[in-house]
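Everything below concerns the one structure shown next.
A, B, ... follow the sequence lines: proteins, then strands. Residue 1 opens every chain.
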Protein chains: 2
Amino acid sequence: MQSLIEAQKKLLPDLLDVMQKRYRILQYIRLMQPIGRRVLSNSLGISERVLRSEVQFLKEQNLLIMSSAGMSVTSEGNELLHILEDVMREVLGLKDLEKKLKHTLHIEDVIVVAGDSDLSPWVKKEMGRACVACMKERLTDKNIVAVTGGTTLAAVAEMMTPDSKQSDVLFVPARGGLGEDVKNQANTICAKMAEKTMGNYRLLHVPDHLSNEAYQSLIEEPTVKEVLQLIKSSSMVIHGIGDAITMAERRKTPEEDMEKIKARYAVAEAFGYYFNQEGEVVHKVKTVGIQLEDLEHVQHVIAVAGGASKAKAIKAYMKQAPHSILITDEGAARALIRE
Amino acid sequence: MQSLIEAQKKLLPDLLDVMQKRYRILQYIRLMQPIGRRVLSNSLGISERVLRSEVQFLKEQNLLIMSSAGMSVTSEGNELLHILEDVMREVLGLKDLEKKLKHTLHIEDVIVVAGDSDLSPWVKKEMGRACVACMKERLTDKNIVAVTGGTTLAAVAEMMTPDSKQSDVLFVPARGGLGEDVKNQANTICAKMAEKTMGNYRLLHVPDHLSNEAYQSLIEEPTVKEVLQLIKSSSMVIHGIGDAITMAERRKTPEEDMEKIKARYAVAEAFGYYFNQEGEVVHKVKTVGIQLEDLEHVQHVIAVAGGASKAKAIKAYMKQAPHSILITDEGAARALIRE
DNA sequence: TATACATGGACCTAAAATGTCCCGCTATGA
DNA sequence: TCATAGCGGGACATTTTAGGTCCATGTATA
């Protein structure tokens with residue numbers, strides 16, 4: 001199979017381009033369906049006319065259907081996308097990127113999806129899809145999955161689908177309030193994931209800034225305590241990685257912490273922890289839930305982050321998480337390798 | 001892999017056609033290099049202009065070079081052809097034919113090459129190439145290879161190349177004179193093979209029609225006797241299969257034998273043996289060398305024959321040679337399966 | 001040295017791809 | 001209920017490409 005594609009690259013590179021184009025179109029339609037020509041052509045950067053021809057073709061192949069609401073992928077089209085997924089990764093050179101990333105970042109497993117989420121927001125969804133596939137591969141019988149917040153994780157949640165095998169999954173937020181926007185909060189995402197997978201969830205209601213005493217009494221509450229217990233025993237953690245300054249600014253970080261973060265050259269953020277270039281923790285938001293050292297005992301840790309702008313953060317964070325699975329995009333991957 | 005190709009076909013219905021076209025062009029060039037556009041386009045049945053475009057493309061891909069003498073395949077092109085060989089067999093459905101042939105002929109191993117040697121003479125060369133590859137796979141340390149005559153075997157000889165591993169091969173003619181044309185005689189072919197592989201050879205000089213007494217004294221000759229000894233101990237036999245009547249006519253078969261061959265409904269010929277539809281010997285040319293019953297003790301027996309017109313003969317011969325390896329072409333294979 | 005065969009340039013035509021503009025339909029939300 | 005944004009699709013001019021045809025020029029070889 002490898003050799004077939006290699007050979008095809010030599011013998012018909014022109015056709016592979018066409019294949020790639022059609023694949024992208026179909027893939028994007030799946031992501032955004034139902035969608036119309038105009039929006040689609042804009043998003044893909046293809047002139048509307050050529051898109052129209054391609055779409056016409058794909059329709060004749062029964063890969064998509066058109067309705068007054070827009071175009072959607074048929075089940076046949078879905079199947080095709082699935083079969084070709086691996087091939088296209090090869091064709092697009094993503095496999096190659098993965099190999100290089102494993103080497104430069106010294107990590108064991110990485111998945112790179114096409115595109116750059118800085119440039120095209122839908123790439124986040126593709127990372128989401130990849131993450132979901134990755135999760136499904138690894139989820140066994142009964143599982144507790146802890147998730148963090150962030151726009152990337154929101155994309156993951158959006159792409160979640162019920163697992164055909166069994167849906168005995170319990171979602172919990174990994175850590176208490178970190179000061180995010182509501183729709184990007186761990187709690188929200190946690191609930192959404194459970195809803196999409198028809199699984200269960202528990203939430204952790206911990207106000208952002210609390211006095212120490214209030215804290216202590218809160219975590220003694222039975223309901224809170226139970227959730228904390230679940231979190232500690234989770235078998236999978238899914239989290240995003242952010243740029244330190246951006247994250248600090250987005251959250252209502254107190255002035256003094258902000259100073260600290262900047263003074264210590266934090267570049268990456270994850271779980272409410274801030275890391276410098278070397279992957280060392282320079283600051284942490286005080287809240288309950290999973291702590292960095294707990295990760296070691298979690299079976300599967302999946303980090304999801306993409307976009308060239310996050311390359312530095314990813315690099316820093318990954319320095320201290322060699323056993324995490326990284327799901328990223330082409331933009332970040334290329335930036336990482338360039339360095 | 002099949003599903004991959006199916007999927008590609010959905011997205012790019014003419015992918016395989018183009019791939020096949022380019023492959024054929026490259027393959028043919030390798031066969032005939034150096035070769036010019038006119039001859040090439042004629043042989044392949046492609047208009048000269050489209051051939052020109054394709055060739056231009058292949059040149060840009062560094063798969064072939066053009067010189068004033070004509071076009072030749074580069075080493076990169078050769079490599080590609082090699083990689084693609086297996087893939088194309090699959091794509092062209094040859095693997096499928098092989099499977100069916102194994103079943104209908106009850107034989108263990110068969111290789112089918114594309115084309116029909118009745119229609120395009122160069123297909124014989126492809127069979128030759130396949131036969132050579134097959135031989136190389138099976139030849140071990142020191143070997144004695146016995147070969148027969150015929151145009152097909154001549155093609156095999158032509159495609160022979162020195163073996164990189166070792167060339168400690170001794171070629172001998174399988175049987176004495178059978179009345180063939182000089183350039184298709186076993187002796188000639190035997191010598192040619194040795195020359196091409198940089199191996200050694202021994203010849204067997206036995207006049208065609210000899211009195212019994214002369215025969216007896218001849219085979220007592222030390223030089224003849226030695227060669228006969230070698231023949232009997234050969235580890236590989238390569239032979240063609242012919243249509244009985246055609247072969248009988250080509251050789252200066254005496255009137256009475258001719259009658260016999262026809263009266264007994266001979267359809268196949270190999271080694272100077274004539275077989276009827278059931279694979280029973282109905283006549284044999286009297287000469288020295290390997291006898292049919294000796295084949296059982298030979299490690300590798302390879303039969304090479306192609307062209308739809310030979311289907312009947314192949315079928316008949318194979319009935320009594322289930323352990324032979326058959327190398328044939330698409331034309332013969334399809335005819336065989338049709339029956 | 002003539003000949004045959006090689007490539008490569010030039011130009012024309014047919015056909016396919018693409019750009020442009022517009023129309024009628026329908027789902028949606030005020 | 002109705003306005004409207006967004007949908008697919010028709011029509012046609014224009015550009016680009018593929019392919020047909022012919023010929024010039026160079027170079028081995030008999």
Side-chain angles (χ1 to χ4, degrees), chain A residues 11-74 76-77 120-122, chain B residues 9-74 76-77 120-122:
Chain A
L11 208 56
L12 14 98
D14 43 349
L15 293 194
L16 284 192
D17 289 345
V18 178
M19 185 160 125
Q20 209 171 306
K21 180 166 67 176
R22 293 183 180 163
Y23 181 81
R24 279 223 310 153
I25 293 172
L26 209 56
Q27 180 181 252
Y28 198 99
I29 293 177
R30 174 175 65 174
L31 221 53
M32 309 290 273
Q33 60 193 340
I35 189 179
R37 277 200 322 249
R38 268 155 272 259
V39 178
L40 188 56
S41 63
N42 257 320
S43 315
L44 291 172
I46 303 180
S47 98
E48 193 187 328
R49 194 56 178 81
V50 347
L51 178 86
R52 192 168 157 185
S53 312
E54 295 299 347
V55 150
Q56 183 70 24
F57 168 86
L58 293 172
K59 181 185 163 195
E60 275 157 17
Q61 296 289 349
N62 276 316
L63 298 173
L64 57 82
I65 47 165
M66 290 164 149
S67 70
S68 59
M71 301 172 280
S72 313
V73 175
T74 63
E76 203 175 336
S120 4
W122 58 282
Chain B
K9 259 196 208 166
K10 268 271 161 53
L11 222 49
L12 234 41
D14 51 356
L15 174 108
L16 285 191
D17 294 338
V18 178
M19 190 159 129
Q20 212 171 308
K21 180 166 71 179
R22 290 180 184 167
Y23 178 76
R24 282 222 309 152
I25 293 171
L26 209 58
Q27 180 182 253
Y28 201 99
I29 294 176
R30 174 175 66 173
L31 221 53
M32 310 288 274
Q33 61 192 335
I35 187 177
R37 275 201 321 251
R38 263 158 278 262
V39 178
L40 188 57
S41 62
N42 258 320
S43 314
L44 291 172
I46 304 179
S47 99
E48 194 185 328
R49 193 57 178 78
V50 344
L51 179 84
R52 193 170 158 182
S53 311
E54 293 299 343
V55 150
Q56 183 69 24
F57 168 86
L58 292 172
K59 181 185 165 195
E60 274 157 17
Q61 294 292 119
N62 274 318
L63 298 173
L64 56 83
I65 48 165
M66 289 163 148
S67 72
S68 60
M71 300 172 280
S72 313
V73 175
T74 63
E76 205 176 340
S120 4
W122 57 281

Nearest heavy-atom approach of B:V73 to B:R30 is CG2-N, 3.5 Å

CE (B:M71) and CG (B:L63) are apart, to the nearest 0.5 Å, by 13.0 Å

For side-chain contact (heavy atoms from CB on, under 4.5 Å), just list the numbers for A:R22 and A:L58, CA-CA rounded to whole Å, side-chain angles, deciding distance to a tenth of an Å, and then say yes or no. CA-CA 8 Å; A:R22 293 183 180 163; A:L58 293 172; 4.3 Å; yes

5' precedence on DNA chain D between B:A69 and A:S68 (nearest-nucleotide basis): A:S68

Could you tell me the separation between the CD atom of B:Q56 and the P atom of C:dG8, rounded to a whole number of Å? 7 Å

Below 3.5 Å is the cut-off: list the nitrogen or oxygen pairs between protein and nucleotides 17-24 of chain D, distance only.
| unit_1 | atom_1 | unit_2 | atom_2 | d |
| --- | --- | --- | --- | --- |
| D:dG20 | OP2 | B:S47 | OG | 2.4 |
| D:dG20 | N7 | B:R49 | NE | 3.4 |
| D:dG20 | O6 | B:R49 | NE | 3.2 |

Remember a base hit wins even if backbone is also touched, and classify A:I35 as base, sugar-phosphate or nothing at under 4.0 Å, heavy atoms. sugar-phosphate

Distance check, rounded to the nearest 0.5 Å: B:L40 atom CG versus B:R24 atom CZ? 9.5 Å

Do B:K9 and B:L16 have side chains that approach each other closer than 4.5 Å (heavy atoms only, starting at C-beta)? yes

Could you tell me the separation between the CE atom of B:M71 and the P atom of C:dC5, rounded to a whole number of Å? 15 Å

If I take atom CE in residue B:M66 and atom P in nucleotide D:dA28, what distance separates them, rounded to the nearest angstrom? 17 Å

Going by the rule ring pair (Phe, Tyr, Trp, His ring centres under 6.0 Å), which residues pair with B:Y28 if we only count those two or more places apart in sequence or in a different chain? B:W122

Examine D:dG8: is either OP1 or OP2 under 4.0 Å from a nitrogen or oxygen in the side chain of A:K59? Give yes or no. no

Give, for atom OG of A:S43 and atom CD1 of A:I25, the distance between the pair rounded to the nearest 0.5 Å. 11.5 Å

For A:I46 and A:K21, run side-chain contact (heavy atoms from CB on, under 4.5 Å): C-alpha distance rounded to whole Å, both residues' side-chain angles, the deciding distance at 0.1 Å, then the answer. CA-CA 9 Å; A:I46 303 180; A:K21 180 166 67 176; 4.2 Å; yes

Euclidean distance, atom CZ of residue A:F57 to atom P of C:dA17 [Å, nearest integer]: 11 Å

Atom pairs under 3.5 Å, N or O on each side, protein against nucleotides 1-4 of chain C: can you list them with distances?
none

Quick one: B:I29 CD1 to C:dA6 P, roughly how many Å, whole number? 12 Å

Find the distance between CD (A:Q20) and CG (B:L12) and round it off to the nearest 0.5 Å. 11.5 Å

